[in-house]
Peer 1: 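The structure under discussion is supplied below as structure tokens; questions concerning it will follow.
Naming convention: chains lettered A, B, ... in sequence-line order (proteins, then strands); numbering from 1 in each chain. Only a predicted model underlies this, so the values are computations on that prediction, with no experimental measurement involved.
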Protein chains: 2
Amino acid sequence: MGTRASIPDIVIGRLPIYLRALGRMIQEEREYTSSHELGERLGISSAQIRKDLSHFGEFGKQGTGYNVQYLYEQIRHILKVDHEWPMAVVGVGDLGRAIAHYRGFQARGFRVAALFDADPKLLGERVGNLTVLPMDQLAAETQRLGIRIAMIAVPAAEAQAVADRLIEAGVTALLNYAPISLAVPEGVHVQYIDPAAHLQHMTFYLTP
Amino acid sequence: MGTRASIPDIVIGRLPIYLRALGRMIQEEREYTSSHELGERLGISSAQIRKDLSHFGEFGKQGTGYNVQYLYEQIRHILKVDHEWPMAVVGVGDLGRAIAHYRGFQARGFRVAALFDADPKLLGERVGNLTVLPMDQLAAETQRLGIRIAMIAVPAAEAQAVADRLIEAGVTALLNYAPISLAVPEGVHVQYIDPAAHLQHMTFYLTP
DNA sequence: CTACGATTGTTATGCTATTCACATTTTCCC
DNA sequence: GGGAAAATGTGAATAGCATAACAATCGTAG
Ligand SMILES: NC(=O)c1ccc[n+]([C@@H]2O[C@H](COP(=O)([O-])OP(=O)(O)OC[C@H]3O[C@@H](n4cnc5c(N)ncnc54)[C@H](O)[C@@H]3O)[C@@H](O)[C@H]2O)c1
Ligand SMILES: NC(=O)c1ccc[n+]([C@@H]2O[C@H](COP(=O)([O-])OP(=O)(O)OC[C@H]3O[C@@H](n4cnc5c(N)ncnc54)[C@H](O)[C@@H]3O)[C@@H](O)[C@H]2O)c1
């Protein structure tokens with residue numbers, strides 16, 4: 001195929017996993033891999049990997065497999081992480097700080113470019129190489145920096161209000177760490193990080 | 001139905017989301033809700049919620065809906081979070097500290113009960129009300145405390161080795177924050193938290 | 001130069017998940 | 001007390017996804 005035509009969202013969700021594995025293979029200086037090997041590493045069937053990739057083009061060679069570096073670049077391009085996205089973090093508590101200090105985003109296409117908090121005591125404080133800004137500078141600063149993505153790290157009770165302000169400021173992708181589902185207009189994307197939910201998923205299978 | 005018989009894993013994965021929403025409704029002192037209202041809040045169809053719940057029993061009343069408190073307790077029971085699970089955190093860096101300080105686990109059925117790190121400089125340090133322990137106490141301490149769940153917050157290069165040690169110590173549920181897929185034996189459950197992967201999922205849909 | 005093993009991309013098949021639709025039950029209001 | 005409105009639980013229908021399977025292709029060894 002190679003042309004889009006509404007590619008299943010679940011397929012898009014697996015591409016970052018493939019990318020992650022390919023990144024490690026590059027570190028290991030592996031030059032070629034196969035759908036079978038990738039599948040083994042990820043616990044996914046080789047057929048699924050080939051099928052997923054076939055939505056976007058033909059990246060492999062029969063008999064040989066995939067050139068690791070080439071496939072890596074292709075998926076980076078598909079996911080649009082072949083350039084760096086600046087992001088805002090709202091809420092500079094324990095979690096917001098850990099995120100702001102985290103060095104791992106850079107290699108995956110992201111950079112924390114602005115920090116916001118409502119607490120006057122935090123304003124002006126430096127975290128990493130950034131200064132914590134007040135919420136009333138949110139719109140101006142995100143627009144100035146071309147920020148389209150934000151991470152929400154405020155208490156659950158505040159998360160919807162913060163999301164609304166971010167969306168008003170032009171942010172269209174939200175990664176929400178607060179344990180609450182957000183209501184957002186069409187065209188705004190939301191993803192959730194809820195460790196307690198993952199834990200509860202696993203306890204179902206544990207014997208008490 | 002009400003009897004098990006292999007309930008789809010994807011259904012189990014949604015129960016914590018329902019629980020989260022019901023918890024908020026309890027805070028809001030709502031006494032009854034409906035599949036329709038829950039669905040609205042969560043962006044899920046009402047039919048799906050009814051079907052999911054029907055795997056476990058009949059919790060609602062026609063014409064009335066669901067008693068919020070009752071449904072909450074039922075799902076807590078199904079997920080086995082009607083009692084508290086002690087957990088270990090391995091890796092007391094920025095992220096491990098944020099996790100250790102996090103107050104939100106308690107209400108969802110979990111408690112950080114032990115911290116481990118390989119760095120001799122951190123050993124004995126107090127984080128929250130816990131002391132950082134060396135890795136060679138991992139097996140003894142998890143067993144002493146009855147820990148069956150661990151969160152991995154070490155660098156990716158160390159994560160597989162840490163997972164192996166945890167599994168050897170009898171831990172059977174892992175929440176992995178390191179951006180790498182883990183190989184684990186049958187019977188061990190793994191969930192992943194990878195914010196960069198979520199972000200990459202969203203950038204696919206953003207215009208560059 | 002040929003034959004074989006490896007591996008892809010894709011089509012066909014089967015399975016799983018979601019939605020639809022409705023009989024049934026409950027509440028509430030006149 | 002009766003009828004309308006609201007809501008559940010579920011079987012049937014639809015849609016979506018994953019797996020199996022294979023022809024086509026490539027590299028290599030003899
Ligand atoms: N710490 C963790 O490990 C962890 C894990 C999972 C989820 N979470 C969730 O992440 C969120 C933050 O957690 P935390 O531990 O960092 O909490 P925290 O209380 O340490 O920090 C919250 C920060 O948000 C700021 N804030 C509050 N209201 C705001 C508003 N309206 N606008 C802007 N800023 C505002 C506060 O001033 C504070 O600095 C919470 O929703 C929590 O449930 C945290
Ligand atoms: N900080 C974040 O916001 C963030 C976000 C997402 C993912 N992560 C991931 O979480 C992990 C931890 O991140 P961090 O920022 O806290 O890193 P960090 O370097 O601050 O902390 C890592 C800790 O792990 C310890 N450690 C290293 N090897 C160990 C071993 N073999 N056994 C036990 N302990 C060991 C180190 O001593 C250190 O204290 C990384 O894999 C990172 O990619 C972090």
Side-chain angles (χ1 to χ4, degrees), chain A residues 1-18 21-22 25 30-72 74-75 78 181 201 204, chain B residues 1-18 21-22 25 30-72 74-75 78 181 201 204:
Chain A
M1 294 285 137
T3 52
R4 57 199 64 101
S6 98
I7 289 151
D9 183 65
I10 197 162
V11 172
I12 309 303
R14 280 191 293 262
L15 296 184
I17 310 304
Y18 301 162
L22 290 165
M25 287 182 179
R30 308 261 295 87
E31 194 171 357
Y32 279 89
T33 187
S34 65
S35 59
H36 185 77
E37 188 191 38
L38 255 178
E40 285 262 296
R41 288 214 189 192
L42 298 175
I44 290 178
S45 82
S46 61
Q48 176 147 94
I49 290 172
R50 292 198 301 277
K51 184 120 223 251
D52 285 353
L53 295 177
S54 77
H55 286 96
F56 304 97
E58 309 193 354
F59 305 116
K61 208 189 287 184
Q62 284 150 326
T64 312
Y66 302 93
N67 177 293
V68 173
Q69 185 71 49
Y70 177 74
L71 184 57
Y72 182 76
Q74 292 299 307
I75 298 181
I78 293 165
S181 295
H201 188 155
F204 175 82
Chain B
M1 295 287 136
T3 50
R4 58 200 62 103
S6 98
I7 290 151
D9 183 66
I10 197 162
V11 172
I12 309 302
R14 280 192 293 263
L15 296 184
I17 310 304
Y18 301 162
L22 291 166
M25 287 182 179
R30 308 261 296 86
E31 194 172 355
Y32 279 89
T33 187
S34 65
S35 59
H36 186 78
E37 187 190 38
L38 255 178
E40 286 262 296
R41 289 214 188 192
L42 299 175
I44 289 178
S45 82
S46 62
Q48 177 146 92
I49 291 172
R50 293 199 300 279
K51 181 135 262 206
D52 284 353
L53 295 177
S54 77
H55 286 97
F56 305 98
E58 309 195 353
F59 305 115
K61 207 189 287 184
Q62 282 153 328
T64 313
Y66 303 92
N67 177 293
V68 173
Q69 186 70 50
Y70 176 74
L71 184 56
Y72 182 76
Q74 292 300 307
I75 298 181
I78 293 164
S181 296
H201 189 156
F204 176 82

Peer 1: Within this structure, what is the CD1-to-P distance between B:Ile10 and C:dT16, rounded to whole angstrom?
Peer 2: 13 Å

Peer 1: Where the side chain of B:Ser34 is defined as all heavy atoms beyond and including C-beta, which of C:dT27, D:dC22, D:dT8 is the nearest nucleotide?
Peer 2: D:dT8

Peer 1: In whole angstrom, give the distance that lies between atom CZ of A:Arg14 and atom P of D:dC17.
Peer 2: 9 Å

Peer 1: Is there a donor on the side chain of A:Gln62 or the base of C:dT8 sitting less than 3.5 Å from an acceptor on the other?
Peer 2: yes

Peer 1: Would you say a side-chain N or O of A:Thr64 is under 4.0 Å from OP1 or OP2 of D:dC26?
Peer 2: no

Peer 1: Do A:Phe56 and A:Ile75 make a side-chain contact, defined as non-hydrogen atoms from C-beta onward lying under 4.5 Å apart?
Peer 2: no

Peer 1: Among C:dT10, C:dT18, D:dG9, which nucleotide has an atom closest to any side-chain atom of A:Lys51?
Peer 2: C:dT10

Peer 1: Using atom CD of B:Glu58 as one end and atom P of D:dA7 as the other, report the distance to the nearest whole Å.
Peer 2: 18 Å

Peer 1: Does A:Lys61 have a side-chain nitrogen or oxygen under 4.0 Å from the phosphate oxygens OP1 or OP2 of D:dG27?
Peer 2: yes

Peer 1: Give me the atom names and distance for the closest heavy-atom approach of A:Ile49 to A:Ser35.
Peer 2: CD1-O, 3.7 Å

Peer 1: Would you mind reading off the distance between A:Tyr66 atom OH and D:dT25 atom C1', rounded to a whole angstrom?
Peer 2: 13 Å

Peer 1: Looking only at heavy atoms, what is the nearest atom pair of B:Pro16 and A:His201, with distance?
Peer 2: CG-N, 4.0 Å

Peer 1: Please name the pair of heavy atoms, one in B:Leu22 and one in B:Val68, separated by the smallest distance, quoted to 0.1 Å.
Peer 2: O-CG1, 3.8 Å

Peer 1: Check each of A:Tyr32, A:Tyr72, A:Phe59 against A:Asn67 using the side-chain contact (heavy atoms from CB on, under 4.5 Å) test, and report the only one that passes.
Peer 2: A:Tyr32

Peer 1: Assign each of A:Leu53 and B:Ala47 to its nearest nucleotide of DNA chain C by heavy atoms, then name whichever residue's nucleotide is nearer the 5' end.
Peer 2: A:Leu53

Peer 1: Of all the nucleotides listed (C:dA17, D:dT10, D:dA18), which has the minimum atom distance to the side chain of B:Pro8?
Peer 2: C:dA17

Peer 1: Quick one: B:Leu71 CG to D:dA7 P, roughly how many Å, whole number?
Peer 2: 15 Å

Peer 1: Starting the side chain at C-beta, find the nucleotide from C:dT26, C:dT8, D:dC26 nearest to A:Ser35.
Peer 2: C:dT8

Peer 1: Can you identify which nucleotide, out of C:dT26, D:dT10, D:dA21, has its nearest atom closest to the A:Arg50 side chain?
Peer 2: D:dA21

Peer 1: Atom NE2 of B:His55 to atom P of D:dG11: distance rounded to whole Å?
Peer 2: 11 Å

Peer 1: Measure the distance from CD1 on B:Ile12 to P on C:dT16 and round it to the nearest whole Å.
Peer 2: 15 Å

Peer 1: Between P on C:dG9 and CZ on A:Phe59, what's the gap in Å once rounded to a whole number?
Peer 2: 8 Å

